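Below is one structure; the comments refer to it alone.
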Amino acid sequence: IFDDFIFDAGKLALYHRNYLVKHTETKTMQVLAVLLENANRLTLHDEIIEQVWNGNSFGVNSTNIAQYVRKLRKILTEFEPEKSYIETVK
């Protein structure tokens, strides 16, 4: 649970104020699951690849991860435009 969002990791489902957020892909929700499991700490791309792609990094790179993070930001700001939930450190 974070603010008005609830994430069901078992179903890979995101809810906002108890309503299902429908426009979500499995991989996007898997990335969200990893980020939430590691909330308030730096999560490396390698950790995301390990958990979402089972360590198979063939064809997966920083650009791919950034695309999923961008999708998550778009989804979250649609419902909470004044909040920033994901911080990128370079």
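Quick caveat: nothing in here was measured; it's all calculated off a predicted structure.
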Value rounded to 0.5 Å, distance of [atom1] in [X] from [atom2] in [Y]:
X	Y	atom1	atom2	result
N64	I48	CG	CD1	11.5 Å
Y15	K22	OH	NZ	10.5 Å
S62	Q67	OG	CD	11.0 Å
D46	S57	CG	OG	8.0 Å
I6	N18	CD1	CG	5.0 Å
L72	T77	CG	OG1	10.5 Å

Would the number of heavy atoms belonging to other residues, nucleotides or ligands and lying under 6.0 Å from CD1 of I1 be above 12?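 Count not over threshold, so no.
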- Query: Does CD in E87 sit with more than 12 non-hydrogen atoms of other residues, nucleotides or ligands closer than 6.0 Å?
  - Reply: no
E47 and L44 have their tightest heavy-atom pair at OE2-N, 2.8 Å
Check A13 against L20 and note the closest heavy-atom contact, atom names and distance.
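Taking A13 first and L20 second, the nearest heavy atoms are CB-CD1, 3.8 Å.
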Side chains of I65 and W53 in contact at under 4.5 Å (non-hydrogen atoms): yes
Does the D3 side chain pair with the main chain of F5, one donor and one acceptor, at a distance under 3.5 Å? no
Q) Counting distance only, does the side-chain N/O of N54 pair as donor-acceptor with the main-chain N or O of N56 below 3.5 Å? A)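 A pair under 3.5 Å: no.
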I'd like to check the side chain to side chain donor-acceptor pair (under 3.5 Å) partners of E80; sequence neighbours left out, ordered by chain and number.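 E80: side chain to side chain donor-acceptor pair (under 3.5 Å) contacts with H16.
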Without placing hydrogens or testing angles, list every side-chain donor-acceptor pair under 3.5 Å for residues 24-39, not counting sequence neighbours.
residue, atom, partner, partner atom, Å
E25, OE2, K71, NZ, 2.7
K27, NZ, V52, O, 3.4
N38, OD1, R41, NE, 3.2
N38, OD1, R41, NH2, 3.0
N38, ND2, V34, O, 2.8

